[in-house]
2 protein chains.
Amino acid sequence: MASTPTAPLTPLPTLALPMAGAQEHERADAARNRRRLLDAAGRLVAERGVANVTMEAVAAAAEVGKGTVFRRFGDRAGLMNALINHTETDLQEAFLHGPPPLGPGGDPVERLVAFGHARLEMVDLHGEVLRAAESCAEKRLAHPTRGVHATHVASLLRDAGVSGDVQLLTDSLLATLDASLVWHQNHVLGMPLARIADGWTDLVHRVTRC
Amino acid sequence: MASTPTAPLTPLPTLALPMAGAQEHERADAARNRRRLLDAAGRLVAERGVANVTMEAVAAAAEVGKGTVFRRFGDRAGLMNALINHTETDLQEAFLHGPPPLGPGGDPVERLVAFGHARLEMVDLHGEVLRAAESCAEKRLAHPTRGVHATHVASLLRDAGVSGDVQLLTDSLLATLDASLVWHQNHVLGMPLARIADGWTDLVHRVTRC
DNA sequence: CACCAAACCGGACCGCGGTCCACTTGCATC
DNA sequence: GATGCAAGTGGACCGCGGTCCGGTTTGGTG
């Protein structure tokens, strides 16, 4: 607490949720490089599209070694996750502690509907990155983020008085919100997002009304 | 974003569909090599597991050049698809022209339930290969096999008198039967297949009972 | 049978994701 | 300051999926 007034450490919005880097004491150079990497990655993604951004290019653009990228983010999916971490954190905050209909206090079915709509909006905004972040089917299903979503959905299903195998119903509902699926429906099949959202609402009602 | 200096487009010359043997005129040597490759691939998968089988190893085991593998099957997923093509064809035959409850003639809801159970059994038997065959989220959703399943499920939903967006409901149902998801539930989460099957039955009833 | 164009073959080659490890740097302590 | 050392760094390296293209085989045709 000896106060280092000369150190202009930016707060670095620590991801308090069970996401990737719970970084304790991070050395100054490490923090600086993480910033550079995220900045470079965001820039490259914006100007070339996710598919045309290689890990090596990100490293080069950040003027950093390739090994550093992987040390910081584990793998490509980890980097993409970090890119949308802020949005994901906001979403979690909203349905965990925010106001209804998303947050606690409202009707569980309505909360479920709102959760799906929020997720769909996120896919709309960050579909490409999300798809890359969830590309590995193996890890996607075991990823902490998915765990948080699953816990939340299962909780809402129980609150809604759903009888049956809540865990399996949760998996089915989350599968419907899968980034790749939604992106495909939207961009390949040409379904408007409003239609997908209506489909979600309908599905939630069908599943909970029993 | 529109200007992409590099050409990411893959012309993908002829790539005959890895599905049913609609192989027009196939030269004798080509047919012989395809046999060898499928044989070798099956052997290697059986003895090492899918994850430890490289395309190069398959080529070597078949005493064939690497390029031949890709010429025949397009990519890794295509090879895996070819490996389970027979089983998949049997499944399609069963629900298209076989006896009830899977085939035509029975109650659509029961057929839907039976379809899911048949699919789950397939995942149980060939889960590893199926996962590899459907690994690329991009192509999986556009794959002919999925199209056949989707058409069938949608048809059953309509026959069951379901009101609502049948196409979206179909996508949700199929997402529940996703090989990676089921495999994860079964092998990682330790859910017995019987439970997953019961979950499917329940889900189908919830979705159709409205 | 001789001929030829198309189909096919094989392995060198490429790019990318990911790992490894010898070297450097930041920080706490004395 | 000097020192010890864990944390961090970077680029050479690896393996695999996938492509390319010069040479070879096949099977129809006259």
Side-chain angles (χ1 to χ4, degrees), chain A residues 1-2 4 6-7 9 21-37 40-41 44 48-82 132-133 135-136 138-139, chain B residues 4-16 18 23-37 40-41 44-45 48-81 132-133 135-136 138-139:
Chain A
M1 278 317 226
T4 56
T6 54
L9 283 187
Q23 65 272 4
E24 309 224 342
H25 281 331
E26 187 178 48
R27 252 168 54 171
D29 53 346
R32 184 203 57 194
N33 282 343
R34 140 121 50 67
R35 279 277 159 113
R36 278 188 177 178
L37 283 168
L44 289 183
R48 314 185 182 173
V50 176
N52 299 324
V53 174
T54 72
M55 298 298 271
E56 214 154 8
V58 172
E63 292 176 311
V64 142
K66 193 177 174 181
T68 303
V69 191
F70 288 94
R71 157 168 281 264
R72 281 273 86 78
F73 302 103
D75 55 11
R76 185 184 162 82
L79 174 60
M80 297 306 170
N81 258 305
S135 61
C136 175
E138 181 92 27
K139 300 177 188 170
Chain B
T4 51
T6 58
L9 288 185
T10 46
L12 208 55
T14 30
L15 180 57
Q23 295 286 7
E24 304 264 325
H25 279 332
E26 189 178 45
R27 253 168 56 170
D29 54 346
R32 183 203 57 193
N33 283 342
R34 199 183 72 231
R35 289 244 170 125
R36 277 189 179 180
L37 282 169
L44 289 184
V45 165
R48 313 185 182 172
V50 176
N52 299 324
V53 174
T54 71
M55 298 298 270
E56 212 154 9
V58 172
E63 292 176 311
V64 143
K66 195 178 175 183
T68 303
V69 190
F70 287 94
R71 156 169 284 266
R72 281 273 85 78
F73 302 104
D75 55 11
R76 184 184 163 82
L79 175 59
M80 295 308 170
N81 258 306
S135 60
C136 175
E138 182 93 26
K139 300 178 189 170

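Just so it is clear: chains get the letters A, B, ... in the order the sequence lines come, proteins before strands, and each one is counted from 1.
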Open item on the list: Please confirm whether the shortest side-chain N or O distance from Asn33(A) to OP1 or OP2 of dT9(D) is below 4.0 Å.
Closed with: yes
- [ ] Treat primed atoms plus P, OP1 and OP2 as sugar-phosphate and everything else as base, then score nucleotides 19-30 of chain C 5' to 3': B for base contact with protein heavy atoms under 4.0 Å, S for sugar-phosphate contact only, - for none.
- [x] B-----BSS---
TODO: Consider the side chain of Arg72(A), meaning its heavy atoms from C-beta on, and name the nucleotide among dC9(C), dG10(C), dG8(D) that approaches it most closely.
DONE: dG8(D)
Task: Shortest side-chain distance from Met55(B), nucleotide among dG17(C), dG17(D), dT9(D) - done: dG17(D)
- [ ] Round to the nearest Å and state the distance from Arg34(A) atom CZ to dA7(D) atom P.
- [x] 16 Å
- [ ] Check whether any side-chain heavy atom of Arg34(B) sits under 4.5 Å from a side-chain heavy atom of Phe73(B), and report yes or no.
- [x] yes
Task: Residues that Arg27(B) engages under side-chain hydrogen bond (donor to acceptor under 3.5 Å, both in side chains), provided they are two or more places apart - done: Asp29(B)
Open item on the list: Which heavy atom of Leu79(B) sits nearest to which heavy atom of Met55(B), and what is that distance?
Closed with: CD2-SD, 3.9 Å
Open item on the list: Using whole Å, what does the distance between atom P of nucleotide dG11(D) and atom CD of Glu63(A) come to?
Closed with: 11 Å
Open item on the list: Can you give me the bend angle of the helix from dC1(C)-dG30(D) to dC30(C)-dG1(D)? Use the axis through the first five pairs and the one through the last five, nearest 10 degrees.
Closed with: 10°
- [ ] Please indicate whether Arg35(B) has more than 12 foreign heavy atoms, meaning atoms of other residues, nucleotides or ligands, lying under 6.0 Å from its CZ.
- [x] no
- [ ] Using atom CG of Asp75(A) as one end and atom C1' of dC16(C) as the other, report the distance to the nearest whole Å.
- [x] 14 Å
Task: Pairs meeting criterion side-chain hydrogen bond (donor to acceptor under 3.5 Å, both in side chains) with involvement of residues 50-65 of chain B, two or more places apart - done: none
Task: Under-4.0 Å side-chain N/O to phosphate OP1/OP2 contact, Arg71(A) with dG18(C) - done: no
- [ ] Considering non-hydrogen atoms only, spot the tightest contact between Arg76(B) and Val50(B) and give its length.
- [x] NH2-O, 3.2 Å
TODO: Under the salt bridge (charged side-chain N to carboxylate O under 4.0 Å, His left out) rule, collect the residues that match up with Arg72(A), sequence neighbours excluded.
DONE: Glu26(A)
- [ ] Please report, rounded to the nearest Å, how far the P atom of dG8(D) is from the CZ atom of Arg36(A).
- [x] 16 Å
Open item on the list: According to side-chain contact (heavy atoms from CB on, under 4.5 Å), who are the partners of Ala59(B), at least two apart in sequence or on a separate chain?
Closed with: Val69(B)
Open item on the list: Rounded to whole Å, please give me the gap between CG in Leu37(B) and C1' in dC9(C).
Closed with: 11 Å
- [ ] Could you tell me whether the side chain of Arg36(B) reaches within less than 4.5 Å of the side chain of Asn33(B), counting heavy atoms only?
- [x] yes
Open item on the list: Without decimals, in angstroms, what is the distance between Glu56(A) CD and dG17(C) P?
Closed with: 8 Å
